[in-house]
Amino acid sequence: MEKLNGGGHHDLNQPLLPDPDDHASPELVQYHHKNQDQDQDVDDLKSRVWIESKQLWFIVGPAIFSRTAAFTMNVITQAFAGHLGDVELASISIANTVIVGFNFGLLLGMASALETLCGQAFGARRYSMLGIYMQRSWIVLFMCCFLLLPFYVFATPILKLLGQPDDVAEQSGVVAAWMIPLHFSFAFQFPLQRFLQCQLKNQIIAWVSLAALVANVLTSWLFVYVLDFGVVGAAVALDISWWILVLGLFGYTAGGGCPLTWTGFSTQAFSGLWEFVKLSAASGVMLCLENWYYRILILMTGHLKNATLAVDALSICMTINGWEMMIPLAFFAGTGVRVANELGAGNGKGAKFATIVSVTQSTLIGLVFCVLIVIFHDKIAYIFSSSADVLRAVDKLSFLLAITILLNSVQPVLSGVAVGSGWQATVAYINLGCYYIIGLPLGFLMGWIFHLGVAGIWGGMIFGGTAIQTVMLAIITIRCDWNKEAEIASQRIKKWSTTSPAKHLVDQH
């Protein structure tokens, strides 16, 4: 050990890795050179903004494409099912929205724990730990998939209990059973995506997403039209597309795309699982509380008088909001990575600056879409409907849609800061309070007690939930001591690093 400490070798208290320029990927070199350039240009604000923007959009650009591709795969599946009949369309839509959607939100949130751990470890150059963290996430999410299986197995009685017609519930139950492979793909695809994302390898995610999207179109056509497998064929096509994502990302990772961060399967992944479960659970609760909130909005609207018109109008608004949300969700991912990288590197000021740049740019983009909605308030529904009643109903809701888009351009970015900093448990409590203790009751009050209908429900839930949550996250972010957060990140990296320093050094030589 004396020999390891002396003789010009690495200090055991420092990250023990070779110079990244020797063996690293171009993304890795770019990241560390960016930090050096930023230090040289600290007095040049324009230069710093430009450097940070390039680094941010290196993540955000491919993330927008990959998220839009995944969203489009669901749309394609529903479009093919829609040509089979109304019951088939309803069954695919409900199985996707209710059964898969419920579990998707929870598993996606649980996987976001990796954005904290992998992002900070990458910034600290503890590269070998990224593969260990990902394998732990696979184990935790795979076990969670088994616990969530009853939602698929008993989908029919669950949907009947929620008031769905018998024929739709039974067909949805069949579709849900065939979507079990899709369900298990989440356990591997979500961690793989975050593992690569934290290393700035977003372009490979985009290319694999494109391949999966093309495969989805071809297999949907083959199974539905050529082989006449019906709605089951549409579900199987979606299964195949998501597993192409898994195999493509893993093939790149294990095939030499990540030489520093993937060194093969390790038994170390089984150590510290309970701590990992707790962090994953906090992340899952944080994201799924928000995900479920908007699903509850549609369910509440379904109990209004003239519910069909109200649901149609709200669904159109939610679809427009869903497409636009791909941009702030990409900023959520990019901000989480950037903040985690800088905190892991011990650069609290860099994390603060990354936050400011990201929030500013996402807000400006959201403001543009908000203005477009206000300008074309009476025309946006033409994309989906020609019904005069639906057009008028959407027109009345357009102001709320514009406000929602503006708020959603800020809130996900602040949530990304929370993920990058490891504040998931705190934000979970904030989401619970804002959405379910304030937002839902206020929406009910305005919708039913004050007879404001769908606008009252949505307005109450937006101003009572999303707006208050955004303000609280903004206050926490503004008051944050970034140097202290960098110290906490350093302690977290040491706590989660299961390899001893001496072994870590030997592994690299």
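Side-chain contact check for L391 versus D395: every heavy-atom pair is 4.5 Å or farther apart. N321 is not listed as a side-chain neighbour of F369, based on a closest heavy-atom distance of 4.5 Å or more. Residues Y436 and N431 fail the side-chain proximity criterion, which asks for heavy atoms closer than 4.5 Å. Side-chain contact between S421 and L343: present, with at least one pair of heavy atoms (C-beta onward) separated by less than 4.5 Å. Counting heavy atoms from C-beta outward, L45 and F353 have side chains that approach closer than 4.5 Å. Using a 4.5 Å heavy-atom threshold, the side chains of V49 and T360 count as separate. The side-chain heavy atoms of L107 and L148, taken from C-beta on, include a pair separated by under 4.5 Å. Inter-residue side-chain proximity for V427 and M472 is flagged as unmet; no heavy-atom pair is nearer than 4.5 Å.
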inquiry  = Could you go through L200 and N341, starting from their C-alpha distance and side-chain angles, then the distance that decides it, and tell me whether this counts as side-chain contact (heavy atoms from CB on, under 4.5 Å)?
reply    = CA-CA 10 Å; L200 314 181; N341 286 167; 4.1 Å; yes
ask   = Taking it one step at a time, do F450 and L445 satisfy side-chain contact (heavy atoms from CB on, under 4.5 Å)?
value = CA-CA 6 Å; F450 291 103; L445 186 69; 3.6 Å; yes
inquiry  = Could you go through I488 and E485, starting from their C-alpha distance and side-chain angles, then the distance that decides it, and tell me whether this counts as side-chain contact (heavy atoms from CB on, under 4.5 Å)?
reply    = CA-CA 5 Å; I488 292 171; E485 290 300 323; 4.1 Å; yes
request  = Let me see the working for V100 and F151 under side-chain contact (heavy atoms from CB on, under 4.5 Å), right down to the final yes or no.
outcome  = CA-CA 9 Å; V100 177; F151 286 99; over 6 Å; no
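Taking CD of Q199 as the reference point, atom CZ of R194 lies at 14.0 Å (rounded to 0.5 Å). Rounding to the nearest 0.5 angstrom, the gap separating the CE atom in M325 from the CZ atom in R67 is 9.0 Å. Rounding to the nearest 0.5 Å places OG of S209 at 12.0 Å from CG of N216. Rounded to the nearest 0.5 angstrom, F190 CZ and L141 CG are separated by 8.0 Å. Note: I158 CD1 to F154 CZ = 8.5 Å, rounded to the nearest 0.5 Å. Once rounded to the nearest 0.5 Å, the distance linking CD1 of I373 with CG of L400 reads 12.0 Å.
A donor atom on one side chain and an acceptor atom on the other are not found under 3.5 Å apart for Q411 and T466. Side-chain contact of E342 with W482: a donor-acceptor pair under 3.5 Å is absent, judged by distance alone.
Here F186 and W242 bring their ring centres to under 6.0 angstrom of each other. Note: W57 and F331 meet the aromatic proximity criterion, with ring centroids under 6.0 Å apart. The ring of F142 has its center closer than 6.0 angstrom to the ring center of F188.
Between the S362 side chain and the S409 main chain, a donor and an acceptor come within less than 3.5 Å of each other. A distance-only check finds no donor-acceptor pair linking the side chain of S220 to the backbone of A234 [under 3.5 Å]. In this structure, S185 contributes its side chain and L182 its backbone to a donor-acceptor pair below 3.5 Å. Q120 places no side-chain N or O within 3.5 Å of a backbone atom of S490 that could act as its donor or acceptor partner. Side chain of H183 to backbone of C145: a donor-acceptor contact under 3.5 angstrom is found.
What you find for M446 and G456 is that their closest heavy atoms are CB-O, 3.4 Å. Residues A212 and S241 approach most closely at CB-O, 3.5 Å, considering heavy atoms. Nearest approach of I438 to C434, heavy atoms of both residues: CB-O, 3.5 Å. The two residues C317 and V394 come nearest to each other via the heavy atoms SG-CG1, 4.2 Å. Taking every heavy atom of both residues into account, L56 and G334 meet most closely at CD1-C, 3.9 Å. Across all their heavy atoms, L406 and T363 have their closest contact at CD1-O, 4.4 Å.
At most 12 non-hydrogen atoms from other residues, nucleotides or ligands lie less than 6.0 angstrom from NZ of K396. Within 6.0 Å of atom CH2 in W423, more than 12 heavy atoms from other residues, nucleotides or ligands are found, so the atom counts as buried in its surroundings.
In this structure E324 satisfies the salt bridge (Lys or Arg N to Asp or Glu O under 4.0 Å) test with no other residue, sequence neighbours excluded.
Salt-bridge formation is detected for the pair D389/R392: a Lys NZ or Arg NE/NH1/NH2 atom is positioned less than 4.0 Å from an Asp or Glu carboxylate oxygen.
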